[in-house]
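Everything below concerns the one structure shown next.
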Number of protein chains: 2
Amino acid sequence: MAHDHSGHDHVWADDLTRNQELVLGTLAHAEAPMSAYDILDKLRDEGLRAPLQVYRALDKLTERGLAHRLESLNAFVCCADAQCHKAGTIAFAICETCGRVEEFAEPTVEQKLSGWSRAAGFVPARMTIELRGTCRGCVSSLPA
Amino acid sequence: MAHDHSGHDHVWADDLTRNQELVLGTLAHAEAPMSAYDILDKLRDEGLRAPLQVYRALDKLTERGLAHRLESLNAFVCCADAQCHKAGTIAFAICETCGRVEEFAEPTVEQKLSGWSRAAGFVPARMTIELRGTCRGCVSSLPA
DNA sequence: GGTGATATGTTATCTTATTACATCGCACCG
DNA sequence: CGGTGCGATGTAATAAGATAACATATCACC
């Protein structure tokens, strides 16, 4: 981490375009996943006007693993640690109460799914693993 | 159940409403996942006119495990074997070439994800596991 | 017959995502 | 310098997916 977000955007990758930087910066400051339109609304002041500008940036960012798309939410998050592109598939735990998302890796899970694929003759291009539920904080602060 | 609507439906559950039966029947005959609007189009002749009629049926069907929603596709499939609600989470392998979907269970995967959840204090309500890629048939019939 | 729960039908609207087309900036090459 | 190609941009229009709000109907049950 070690990045102050004080003045302007900073910089995990040094070759982002302006729009990509804006979008990634917005995601980086968000507590919860944002839809493309959420992001657009945050960036109107910076001059963005059309959904496509956001979608194009998101495409590049997700391609590079700097952001992730949550399929079950149609929304996006900043990658939790863009430093190490820890290879491999990432899983997400999405709290339906507070909206926050935790990103984690479970190598065994990936292995098992790859194993099934091999056996079935299926060639996987990408894997989506998303848990919906209630996070620790929300569980403890809610009634049964 | 017992009404046979002119021949086309096996019957898994005998207490479906007309709309639910129509929607499930449509999915059961489909080769590939269908969006709610695909389903609606197929059912105009039967008198359905509004998306909501389809969505409402799909809600009930997915609740009961007779159909599944594919989050990464915004589309729906008929459950592969509605007989045994094989408890537990189901995973899907989606062929991006032919569109077909295979449904499978990997208990170990579910265990691992439950294990992570327990450790993280996360209480999962449901899990989504979807592989995108190329199926055996399409791999062998394609170049490279 | 009255009541409540569930299913329906219909319209309008909202959210999410893409198509199509024009332009700009810049590296690269002759 | 001029040209060519490619990737990013800007903009408008529209497609695709999902829900809100409201009115009505059906049926079990008392």
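We use all heavy atoms of the structure for the numbers below, so side chains are in, but hydrogens, waters and symmetry mates are not. The sequence lines fix the lettering, A, B, ..., with proteins before strands; numbering per chain opens at 1. The shown structure was predicted, so the numbers you read here are calculated from the model rather than taken from an experiment.
Rounded to an integer number of Å, the gap from CG of Leu40(B) to P of dA18(D) is 13 Å. The distance from atom CG of Asn74(A) to atom C1' of dC14(C) is 14 Å, rounded to the nearest whole Å. Summarising the geometry, the separation between CZ on Phe76(A) and P on dT15(C) is reported as 16 Å, rounded to the nearest angstrom. Residue Arg18(B) contributes atom CZ, which lies 8 Å from atom P of dG9(C) at whole-angstrom precision. In this structure, NZ of Lys60(B) is placed 13 Å from C1' of dT8(C), rounded to the nearest angstrom. Between the P atom of dT19(D) and the CG atom of Asp59(B) lies a distance of 7 Å, rounded to the nearest Å. At whole-Å resolution of the value, CZ in Arg56(A) and C1' in dT18(C) are 11 Å apart. The CG-P distance, from Leu73(B) to dT18(C), rounds to 12 Å in whole Å.
With a 4.5 Å cut-off on side-chain heavy atoms, Ile94(B) and Glu130(B) count as touching. Under the 4.5 Å side-chain criterion, counting only non-hydrogen atoms from C-beta, Ser117(B) is in contact with Leu131(A). Between Cys95(B) and Val101(B), every side-chain heavy-atom pair lies at or beyond the 4.5 Å cut-off.
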message = Set out, in order, the CA-CA distance, both residues' side-chain angles and the distance that settles salt bridge (Lys or Arg N to Asp or Glu O under 4.0 Å) for Glu110(A) and Lys112(B), then state yes or no.
response = CA-CA 10 Å; Glu110(A) 196 185 349; Lys112(B) 282 287 172 188; over 6 Å; no
task = In sequence, state the C-alpha distance, the side-chain angles, and the governing distance for Asp15(B) and Lys60(B), and then conclude on salt bridge (Lys or Arg N to Asp or Glu O under 4.0 Å).
result = CA-CA 12 Å; Asp15(B) 56 345; Lys60(B) 295 299 178 189; over 6 Å; no
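At the phosphate of dG17(D), neither OP1 nor OP2 sits under 4.0 Å from any side-chain N or O atom of Arg69(B). The phosphate of dT16(C) has OP1 or OP2 within less than 4.0 Å of a side-chain N or O from Ser35(A). Taking side-chain N and O atoms only, Thr17(B) has no distance below 4.0 Å to OP1 or OP2 of dA7(C).
By the side chain to side chain donor-acceptor pair (under 3.5 Å) test, Arg100(A) pairs with Glu31(A), sequence neighbours left out.
Applying side chain to side chain donor-acceptor pair (under 3.5 Å) to Arg69(A) and the options Asn74(A), Thr62(A), Asp59(A) leaves one that passes, Asn74(A).
Note on the helix from dG1(C)-dC30(D) to dG30(C)-dC1(D): angle between the axes of the first and last five pairs equals 20°, rounded to 10 degrees.
Near DNA chain C, defined here as any heavy-atom distance below 4.0 Å, the residues from residues 44-55 of chain A are Leu52(A), Tyr55(A), listed numerically.
A ring-centre distance under 6.0 Å is found for Phe92(B) and His68(B).
A donor and an acceptor atom never sit less than 3.5 Å apart when one is taken from the side chain of Tyr37(B) and the other from the base of dA15(D).
Side-chain contact check for Arg132(B) and Ser72(B): at least one donor-acceptor pair (N or O, by modelled atom type) lies under 3.5 Å.
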